[in-house]
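Computation of the quantities below employed the complete heavy-atom set of this structure, encompassing side-chain atoms and omitting hydrogens, waters and symmetry-equivalent molecules.
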Amino acid sequence: MHHTMDGIDMLDPSGSMTTLTPMAETPITSSHHQLHGSYHSMNHMMSHHHSSHLGNHTPDGFLGAHHPAMAAAVAAAGLHPDTDTDPRELEAFAERFKQRRIKLGVTQADVGKALANLKLPGVGALSQSTICRFESLTLSHNNMIALKPILQAWLEEAEAQAKNKRRDPDAPSVLPAGEKKRTSIAAPEKRSLEAYFAVQPRPSGEKIAAIAEKLDLKKNVVRVWFCNQRQKQKRMKFAAQH
DNA sequence: ATGCATGAGCA
DNA sequence: GCTCATGCATA
């Protein structure tokens with residue numbers, strides 16, 4: 001009984017993401033003293049100003065930063081070459097960053113909050129998620145490039161202060177209580193979605209509606225799923241840039 | 001560490 | 001409606 005759309009029963013969308021888990025760090029959770037400050041409940045303090053300042057300036061799919069013509073133009077403009085945009089450099093920095101961050105005894109969440117204290121123009125706090133993704137290169141190339149200087153600035157500042165101050169038992173741990181959202185797509189449905197995605201990564205609204213109905217999911221959930229799936233394909237680690 | 005979600009900006 | 005940066009909740 002199939003009439004709207006089928007033909008995906010022969011697909012085998014395997015080899016998605018086999019993220020290995022490095023976990024070679026030391027989760028110190030209460031040793032931040034120099035980079036702290038306002039622990040205001042930053043609930044939605046940043047629900048309207050994030051995608052407009054940190055690298056959301058490239059239309060679609062960043063241009064290869066290795067264009068000879070572009071490199072020349074960049075050089076002529078007196079801007080940096082592709083040293084800051086080089087995936088290799090980013091990767092190296094990300095690792096150095098993580099290493100030194102851990103050495104400082106600071107968690108990813110701590111770093112995120114500390115960024116606001118840097119008071120850099122247009123730079124506010126970031127979430128643990130983002131710091132984590134930066135370290136694991138699971139962000140877009142442009143996003144990595146935009147965040148690098150900021151995190152580098154924090155790192156230098158943090159290490160500088162780590163030299164002066166040494167110990168200061170001050171740990172205002174905040175254990176927020178939150179009840180929010182999060183739909184969970186079951187494995188079978190997920191498999192179907194992946195199969196559809198393999199055939200058509202960008203289904204039309206109607207197609208999405210059809211899929212949603214077949215899988216008994218809300219259309220919005222399916223659309224978002226496809227969007228997120230596309231984003232994943234563009235992340236550094238999996239992009240064909242290495 | 002990662003899944004599902006929001007919202008700004010663009011077409 | 002998409003992309004993109006980013007976040008909360010959760011595994």
> What integer distance in Å separates A:Gln233:CD from B:dG3:C1'?
Replying inline: 16 Å
>> In whole Å, I'd like the distance from the CG atom of A:Asn228 to the P atom of B:dC4.
In response: 8 Å
> Between A:Pro203 and A:Arg235, which has a closest nucleotide on DNA chain C that is more 5'?
Replying inline: A:Pro203
> In a check of salt bridge (Lys or Arg N to Asp or Glu O under 4.0 Å) between A:Arg101 and each of A:Glu159, A:Glu135, A:Glu156, which one passes?
Replying inline: A:Glu135
> Would you say A:Gln200 has more than 12 foreign heavy atoms packed within less than 6.0 Å of its CD?
Replying inline: yes
> In whole angstrom, what separates A:Arg230's CZ from C:dA5's C1'?
Replying inline: 16 Å
>> Just the rounded figure in Å: distance from C1' of B:dT6 to CZ of A:Phe226.
In response: 20 Å
>> C:dT6, OP1 or OP2 - any side-chain N/O from A:Asn143 closer than 4.0 Å?
In response: yes
> What nucleotide, of C:dT3, C:dA5, B:dA1, holds the atom closest to the side chain of A:Cys132?
Replying inline: B:dA1
>> Rounded to whole Å, please give me the gap between CG in A:Leu193 and P in B:dG3.
In response: 13 Å
>> As a quick check of understanding, evaluate ring pair (Phe, Tyr, Trp, His ring centres under 6.0 Å) for A:Trp225 and A:Tyr196, giving each step before the final call.
In response: CA-CA 11 Å; A:Trp225 186 88; A:Tyr196 281 119; 9.5 Å; no
> Does the side chain of A:Lys98 get closer than 4.0 angstrom to OP1 or OP2 of B:dA1 through an N or O atom?
Replying inline: yes
> What's the closest nucleotide to the A:Arg182 side chain, out of C:dT3, C:dA5, C:dT10?
Replying inline: C:dT10
> Roughly, in whole Å, what's the span from NZ in A:Lys219 to P in B:dC4?
Replying inline: 19 Å
>> Please enumerate all residues that pass side-chain contact (heavy atoms from CB on, under 4.5 Å) together with A:Ser184, with sequence neighbours excluded.
In response: none
>> Applying a 4.0 Å non-hydrogen cut-off, can you work out what A:Lys218 is touching in the nucleic acid: base, sugar-phosphate, or nothing?
In response: nothing
> If you look at every strand shown and take non-hydrogen atoms under 4.0 Å, does A:Ser129 touch a base, only sugar-phosphate, or nothing?
Replying inline: base
> What about A:Arg133, does its side chain sit under 3.5 Å from the base of C:dG7 through a donor-acceptor pair?
Replying inline: yes
> Does A:Asn142 get its side chain close enough to the base of C:dA5, under 3.5 Å, for a donor-acceptor pair?
Replying inline: no
> Between A:Thr130 and C:dA5, does any side-chain N or O lie under 4.0 Å from OP1 or OP2?
Replying inline: no
>> From the set B:dT2, C:dC2, B:dA5, return the single nucleotide nearest to any side-chain atom of A:Val221.
In response: B:dA5
>> Show the nearest heavy-atom pair for residues A:Met236 and A:Ser140, with the distance to one decimal.
In response: CG-C, 4.1 Å
>> OP1 or OP2 of B:dA1 versus the side-chain N and O atoms of A:Gln108: is any pair under 4.0 Å?
In response: yes
>> Does this structure show an ion pair linking A:Glu89 with A:Arg96, if we count only N-O contacts that are shorter than 4.0 Å?
In response: yes
> Roughly how many Å is it from NZ in A:Lys190 to P in C:dA11, rounded to a whole number?
Replying inline: 10 Å
> How close or far is atom C1' of B:dA1 from atom CZ of A:Phe134, stated in whole angstroms?
Replying inline: 17 Å
>> Counting only side-chain nitrogens and oxygens, does A:Arg223 get under 4.0 Å of the OP1 or OP2 atom of B:dA5?
In response: no
